[in-house]
J.: 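The structure's right below; bear with me while I get my questions together.
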Amino acid sequence: MLDLNFIRKNPEAVRTAVREKHERVDIDQLVKLDADRRELIYQSEVLRKQLNEGSKRISQLKKQGQDASNLVEEMRALSDKIKDLEKRLEQLTPEIDALLLRIPNIPAPDVPKGEDASANVTVRNWGKRREFNFQPKPHWELGTNLDILDLERGAKICGSGFPLFKGVGARLERALFNFMLDLHTQKHGYKEVFPPFLVNRASMTGTGQLPKMEEDMYKVTEDDLFLVPTAEVPVTNLHRDEILNYKELPIYYTAYTACFRREAGAYGKDTRGIIRVHQFDKVELVKFVRPETSYEELEKLVKDAEAVLQLLGLEYRVLKLCTGDMSFASSKTYDLEAWAPGVDKWLEVSSCSNFEDFQARRINVRFRDESASGGKVRYVHTLNGSGVALPRTLIAILENYQQEDGSVIIPEVLRPYMGGLEVVQR
RNA sequence: GGAGGGAUGGCCGAGCGGUUUAAGGCGGCAGUCUUGAAAACUGCUGGAGCCUUGCGGCUCCCGUAGGUUCGAAUCCUACUCCCUCCGCCA
């Protein structure tokens, strides 16, 4: 959510951001409603002051044993008038809030302009492309042949897009997120949390998934709860409505959760294998930081995510997303894409964003600044990034480490988590 | 699921119709003292909004939403969450 004061003063910048991010919000209408609202507030405050003064006088008169009935009558009329004004305010405020919640964050100045993914900019590449002296197989073939991935039975149990990992495959999945959590907690200074996998509407709205993306969320209608699409939601909401001490900042959290996405707008896309699924595992990184440091913290966050891919020995590239490809709440985003030779594609395995104070304003997370006497209260900046998303990382491992006979070598860093196993074979 | 208790500022905690302009403590900030720090002492210190060049002024906020009243943290109703006990249960 943007600052209404900022919108009032910079409507053109807001209109630009709305257009660049392919959103549609009537800014003129918002500015008009806001002006109406402030006029109503002013009127009701003037009257309320009179009411307060009148009430005080009644109190004094009664203490002196004098008759106050005329004044009581007068105040009753005034009170009714105020209630009328406030009723109109009550109608106006939700309208303004609804518009505010639909305005996207403004892209940072150095974000490239562009309509879609084709305008993203490659920032750097890492790793060397493996040369195959045979035709590399896609992961679904490798996984099925090794009996570590069973898509048919996953679909039987639940539906397509719900993968079933078996045997070494299940253990590999577990090894991966344990490895990532250990790395981030032990080497990068993150505190591990294990949050609920269901969240309420306020949490979903706080991080910006609602109201825009409701069709993409799995929902438990009876309790108005949602399955988490990412650990970002429960973890960022951890400090909702809190004022943090500046000494606590920056706060780094990492969390494993399963993630659930309906992928409502993506039917027919990436239907084979487990590139795009409805349930997947992910280790997430979340930061609460001082505003001055947030872009520096974003660079560090990206490095922390990259470390995972480097240790796994996976070739990847880092993209800076253009205005049209960024998410609603983000002001700057880097994507990490791992190379998958079997499907012959770059796969997005991480998305790291600085939200500045956009989420902090929605979830009302502030900190007391030490500079001013008594401490001025300011919004924190929030960031998050995948560190990293599993099924696609698993794809990259299977496809990059495959051998001609269909077996797959296990990256060295994972072996301690695999009981020392070096090769997956039939 | 049943019975009871509770929710007040960054935290703890008093207040239960009208000097509440929300006591007091802790924490935070500044200062005195000190080689420095600690301790001690002194002062300042809730949040949101509106008006004002500034000084400052005003309004709202005591879990949430309604209601009663000239006036509500305080009384009434509903809801949410937390705690204790009972039942059920992985």
Side-chain angles (χ1 to χ4, degrees), chain A residues 1-9 30-97 99-101 194-206 220-226 234 237-251 288 290 357 360-380:
Chain A
M1 177 158 71
L2 295 179
D3 184 2
L4 194 49
N5 208 25
F6 174 86
I7 298 171
R8 217 176 276 146
K9 289 177 186 152
L30 176 62
V31 170
K32 185 192 165 296
L33 290 176
D34 173 52
D36 292 351
R37 180 166 157 273
R38 286 198 291 167
E39 176 59 26
L40 278 175
I41 287 174
Y42 179 73
Q43 285 176 17
S44 73
E45 282 185 3
V46 168
L47 296 184
R48 191 164 279 279
K49 188 185 173 192
Q50 292 173 21
L51 181 72
N52 288 344
E53 284 165 353
S55 294
K56 211 168 274 178
R57 232 178 306 137
I58 290 168
S59 160
Q60 285 163 1
L61 288 174
K62 285 200 171 172
K63 262 185 203 147
Q64 293 161 12
Q66 296 182 35
D67 175 48
S69 51
N70 281 346
L71 194 52
V72 166
E73 203 53 49
E74 202 181 304
M75 287 306 111
R76 184 176 294 151
L78 192 56
S79 178
D80 287 346
K81 214 165 161 189
I82 292 170
K83 274 174 190 151
D84 274 358
L85 285 175
E86 286 178 348
K87 205 156 275 170
R88 282 164 62 194
L89 256 178
E90 264 169 50
Q91 292 166 346
L92 213 51
T93 305
E95 278 185 59
I96 291 171
D97 289 346
L99 284 170
L100 265 179
L101 285 176
F194 198 108
F197 287 12
L198 288 171
V199 295
N200 57 30
R201 183 171 288 276
S203 294
M204 274 298 196
T205 306
V220 182
T221 317
E222 198 174 353
D223 301 294
D224 204 28
L225 296 174
F226 301 82
N237 277 280
L238 206 143
H239 291 298
R240 174 148 45 92
D241 293 322
E242 292 185 22
I243 298 180
L244 306 168
N245 189 302
Y246 71 91
K247 286 176 181 166
E248 297 174 68
L249 298 178
I251 297 173
F288 297 84
R290 304 178 58 91
D357 60 5
R361 191 170 279 112
R362 286 186 171 219
I363 57 183
N364 195 27
V365 179
R366 293 166 295 170
F367 74 104
R368 206 171 285 281
D369 201 336
E370 73 278 26
S371 54
S373 164
K376 199 169 136 54
V377 175
R378 301 164 63 194
Y379 286 107
V380 298

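Letters A, B, ... mirror the listed sequences (proteins, then strands); counts begin at 1.
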J.: For A:E90, report the nucleic acid contact type (base, sugar-phosphate, nothing); a contact means any heavy atom under 4.0 Å.
T.: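 Sugar-phosphate, no base atom in range.
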J.: Sort out the partner of B:U59 for me: Watson-Crick or G-U wobble, both distances under 3.5 Å, none otherwise.
T.: B:A48
J.: In Watson-Crick or G-U wobble terms, both distances under 3.5 Å, what is the partner of B:U53?
T.: none
J.: Between A:E45 (CD) and B:C61 (C1'), how many Å, whole number?
T.: 13 Å
J.: Is it true that A:E74 and A:R57 make a salt bridge, defined as a side-chain N closer than 4.0 Å to a carboxylate O?
T.: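 Judged by the 4.0 Å cut-off on N to carboxylate O distance, A:E74 and A:R57 do not form a salt bridge.
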J.: Distance check needed: B:G10 P versus A:E248 CD, whole Å only.
T.: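 To the nearest whole Å, that distance equals 13 Å.
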J.: Taking the same atom, C1', in B:C58 and in B:G6, what whole-Å distance lies between them?
T.: 35 Å
J.: Between A:S79 and A:M75, is there a donor-acceptor pair closer than 3.5 Å when you use the side chain of the first and the backbone of the second?
T.: no
J.: Set out, line by line, the N/O atom pairs under 3.5 Å between protein and nucleotides 77-82 of chain B.
T.:
none

J.: Are A:S79 and B:G71 close enough that a side-chain N or O sits under 4.0 Å from OP1 or OP2?
T.: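 True: A:S79 side-chain N/O within range (under 4.0 Å) of B:G71 OP1/OP2.
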J.: Quantified in whole Å, what is the P atom distance between nucleotide B:G9 and nucleotide B:U74?
T.: 15 Å
J.: Under a 3.5 Å limit for both distances, which nucleotide forms a Watson-Crick or G-U wobble pair with B:A72, could you say?
T.: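 Per the H-bond distance test, none.
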J.: Should A:R368 be listed as having a side-chain N or O under 4.0 Å from OP1 or OP2 of B:G10?
T.: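 Yes, such a contact exists.
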J.: Take the protein atom CG of A:L4 and the nucleotide atom C1' of B:A48, then report the distance between them rounded to whole Å.
T.: 13 Å
J.: What's the spacing between A:D80 CG and A:L85 CG if we round to 0.5 Å?
T.: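 Separation between the atoms: 11.5 Å.
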J.: Using the P atom in both, what is the distance from B:G18 to B:C76, to the nearest Å?
T.: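 Here B:G18 and B:C76 have their P atoms 15 Å from each other.
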J.: How many Å lie between CD on A:E53 and P on B:C70, as a whole number?
T.: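 After rounding, the gap between these two atoms is 19 Å.
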J.: Counting C-beta onward and ignoring hydrogens, is there a side-chain heavy-atom pair between A:Q43 and A:E39 closer than 4.5 Å?
T.: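 Touching, per the 4.5 Å side-chain cut-off.
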J.: Provide the distance between the two C1' atoms, one in B:A78 and one in B:U84, to the nearest whole Å.
T.: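 Approximately 24 Å lies between the C1' atom of B:A78 and that of B:U84.
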J.: Tell me whether the side-chain N/O atoms of A:N52 come closer than 4.0 Å to OP1 or OP2 in B:C70.
T.: no
J.: Does A:H239 reach the side chain of A:I251, with side-chain heavy atoms less than 4.5 Å apart?
T.: yes
J.: Look at all strands and tell whether A:R366 reaches a base, only sugar-phosphate, or nothing, counting heavy atoms closer than 4.0 Å.
T.: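 The residue A:R366 makes sugar-phosphate contact but no base contact.
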J.: Verify the contact: side-chain N or O of A:Y42 to OP1 or OP2 of B:C58, cut-off strictly under 4.0 Å; return yes or no.
T.: no
J.: B:A7 and B:G15: how far apart are their P atoms, nearest whole angstrom?
T.: 11 Å
J.: Sort out the partner of B:A22 for me: Watson-Crick or G-U wobble, both distances under 3.5 Å, none otherwise.
T.: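 With both distances under 3.5 Å required, B:A22 matches none.
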J.: Could you go over nucleotides 17-24 of chain B and give all protein N or O partners under 3.5 Å, atom names and distances?
T.:
from  : atom 1 : to    : atom 2 : distance (Å)
B:G18 : O2'    : A:S59 : OG     : 3.4
B:G18 : N2     : A:S55 : O      : 3.0

J.: Suppose we define a pair by two distances each less than 3.5 Å, Watson-Crick or G-U wobble; what does B:G1 pair with here?
T.: B:C86
J.: Could you tell me which nucleotide pairs with B:A7 by Watson-Crick or G-U wobble geometry, both distances under 3.5 Å, or answer none if nothing does?
T.: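 Because both required distances fall under 3.5 Å, B:A7 counts as paired with B:U80.
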J.: Between B:G67 atom C1' and A:K87 atom NZ, what is the distance in whole Å?
T.: 11 Å
J.: Given B:U69, is OP1 or OP2 found less than 4.0 Å from the side-chain N or O atoms of A:R76?
T.: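 A:R76 to B:U69 OP1/OP2: no side-chain N or O under 4.0 Å.
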J.: Any base atoms under 4.0 Å from A:R8, or only sugar-phosphate, or nothing? Heavy atoms, all strands.
T.: sugar-phosphate
J.: Are a donor atom and an acceptor atom from the side chains of A:S203 and A:N200 found within less than 3.5 Å of each other?
T.: yes
J.: Considering only B:G28, B:U59, B:G10, which nucleotide approaches the side chain of A:I243 most closely?
T.: B:G10
J.: For A:L47 and B:U59, what is the distance between atoms CG and C1' respectively, to the nearest whole Å?
T.: 12 Å
J.: Looking at every strand, decide which applies to A:L244 at a 4.0 Å heavy-atom threshold: base, sugar-phosphate, or nothing.
T.: nothing
J.: Roughly how far apart, to the nearest Å, are B:G47 and B:C55 at atom C1'?
T.: 23 Å
J.: Could you check how far CZ of A:R37 sits from P of B:C51, rounded to whole Å?
T.: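 Nearest whole value for this atom pair: 11 Å.
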J.: Quick one: on RNA chain B, does A:R38 or A:R48 contact a more 5' nucleotide (nearest heavy atom)?
T.: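 Per heavy-atom nearest nucleotide, the more 5' residue is A:R38.
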J.: Taking it one step at a time, do A:D3 and A:D357 satisfy side-chain contact (heavy atoms from CB on, under 4.5 Å)?
T.: CA-CA 9 Å; A:D3 184 2; A:D357 60 5; over 6 Å; no
J.: Say you pick atom C1' in B:C82 and the same atom in B:A90; how far apart are they, in whole Å?
T.: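 That atom pair is separated by 23 Å.
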J.: Can A:Q60 and A:Q64 be said to form a side-chain hydrogen bond (donor to acceptor under 3.5 Å, both in side chains), step by step?
T.: CA-CA 6 Å; A:Q60 285 163 1; A:Q64 293 161 12; 5.8 Å; no
J.: Is the shortest side-chain heavy-atom distance between A:R37 and A:T93 below 4.5 Å?
T.: yes
J.: Checking contacts here: which listed nucleotide (B:C58, B:C70, B:G28) is nearest the side-chain heavy atoms of A:K49?
T.: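 Selected nucleotide (nearest to the side chain): B:C58.
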J.: Can you measure A:I41 atom CD1 to B:U59 atom C1' for me and round it to whole angstrom units?
T.: 9 Å
J.: Quantified in whole Å, what is the P atom distance between nucleotide B:C61 and nucleotide B:A3?
T.: 34 Å
J.: Say you draw a straight line from CD1 of A:I58 to CG of A:L71; how long is it, rounded to the nearest 0.5 Å?
T.: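 It comes to 4.5 Å.
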J.: Tell me the partner of B:A40, counting only Watson-Crick (N1-N3 plus N6-O4 or O6-N4) or G-U wobble (N1-O2 and O6-N3) with both under 3.5 Å; none if nothing fits.
T.: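 B:A40 is paired, partner B:U32.
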J.: Start with the C-alpha gap between A:R362 and A:T205, add the side-chain angles, then the distance that decides, and say whether side-chain contact (heavy atoms from CB on, under 4.5 Å) holds.
T.: CA-CA 8 Å; A:R362 286 186 171 219; A:T205 306; 4.2 Å; yes
J.: Can you tell me if A:R361 uses its side chain to pair, donor with acceptor, with the backbone of A:M1 under 3.5 Å?
T.: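 Yes; judged by distance alone, with no hydrogens or angles, the pair exists.
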J.: Should A:E73 and A:R76 count as an ion pair when the cut-off is N to O under 4.0 Å?
T.: yes
